[in-house]
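On a predicted model such as this, the values are computed, not experimentally measured, just so you know.
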Amino acid sequence: MFLGTHTPKLDEKGRFFLPAKYRDELADGLVVTRAQDRCLAIYPRQTFVEMTMSMRNAPATVKQVRDFQRMLAAGASDETPDKQGRMTIPPQLRRYAGLDKEIVVVGAINRIEVWDAEAWEAYSEAQESDFADMNEEILGQTWQQEA
């Protein structure tokens, strides 16, 4: 499980040090891809494979399925952290997320998200006031479905 907020720096080659507490889970490889809200999502390779299994069986005759498959796969990159725990973000993904030097790495339960620092600050501030309401809506629905 990925938790916490970290602020590593992106170097001139598009690399950053993965937070030490995430490295073991990502040592065997990872997939970095576009995510909603103009950030990047980093999944352990196996998690990404499991997550996309249902998409493999989805009907390619449905336009939304084709569109989603294309956008997800075209924006995804297999990466392996180096021995120092750094990973490289490909240039097209850095452009998509507007990443420069100042980034924020956020644990998001089953994935890591990488944000431009200013974009994360704005997003986080905007969501803070709704967090209590989201808790009741999201977790309340889960509880109701299980009951």
query = With a cutoff of under 4.5 Å between side-chain heavy atoms, which Ile, Leu, Val, Met, Phe, Trp and Tyr residues group with Tyr96?
reply =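 When side chains under 4.5 Å apart are linked, the cluster holding Tyr96 also contains Phe2, Leu10, Phe16, Leu18, Tyr22, Leu26, Leu30, Val32, Leu40, Ile42, Met87, Ile89, Leu93, Leu99, Ile103, Val105, Ile112, Val114.
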ask   = Members other than Val65 in its cluster, when Ile, Leu, Val, Met, Phe, Trp, Tyr link by side-chain heavy atoms under 4.5 Å?
value =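 Besides Val65, the hydrophobic cluster comprises Val62, listed by chain and residue number.
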inquiry  = With a 4.0 Å cut-off on N to O distance, would you call Asp28 and Arg45 a salt bridge?
reply    =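 Not counted as a salt bridge, because no side-chain N and carboxylate O are separated by less than 4.0 Å.
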Could you tell me whether [X] atom [atom1] has more than 12 heavy atoms of other residues or ligands within 6.0 Å of it?
X      : atom1 : result
Met71  : CE    : no
Gln84  : CD    : yes
Asp100 : CG    : no
Glu121 : CD    : no
Glu50  : CD    : yes
Lys21  : NZ    : yes

task = Just jot down the salt bridge (charged side-chain N to carboxylate O under 4.0 Å, His left out) partners of Asp24, sequence neighbours excluded, or say none.
result =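 Here no residue qualifies.
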query = Step by step, would you call Phe48 with Asp78 a side-chain contact (heavy atoms from CB on, under 4.5 Å)?
reply = CA-CA 10 Å; Phe48 187 80; Asp78 266 325; over 6 Å; no
Looking only at non-hydrogen atoms, find the nearest pair between [X] and [Y] and report the distance.
X      : Y     : result
Trp120 : Thr5  : NE1-CG2, 4.4 Å
Pro90  : Glu79 : CG-OE2, 3.6 Å
Arg34  : Gly75 : NH2-N, 3.4 Å

Working to the nearest 0.5 Å, report the span between [atom1] of [X] and [atom2] of [Y].
X      : Y     : atom1 : atom2 : result
Gln69  : Arg56 : CD    : CZ    : 10.5 Å
Glu113 : Gln36 : CD    : CD    : 9.0 Å
Asn57  : Thr52 : CG    : OG1   : 10.5 Å
Phe17  : Arg23 : CZ    : CZ    : 7.0 Å

ask   = Are Leu3 and Tyr43 in one and the same hydrophobic cluster, where Ile, Leu, Val, Met, Phe, Trp and Tyr link if side-chain heavy atoms are under 4.5 Å apart?
value =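 No, Leu3 does not connect to Tyr43 through the hydrophobic network.
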ask   = Are Met51 and Arg111 side-chain neighbours, meaning at least one heavy-atom pair lies under 4.5 Å?
value =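 Result no, sub-4.5 Å side-chain heavy-atom pair not found.
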Quick check: does any side chain N or O of [X] sit under 3.5 Å from a backbone N or O of [Y], one acting as donor and the other as acceptor?
X     : Y     : value
Glu25 : Pro44 : no
Arg15 : Thr88 : no
Asp11 : Lys13 : yes

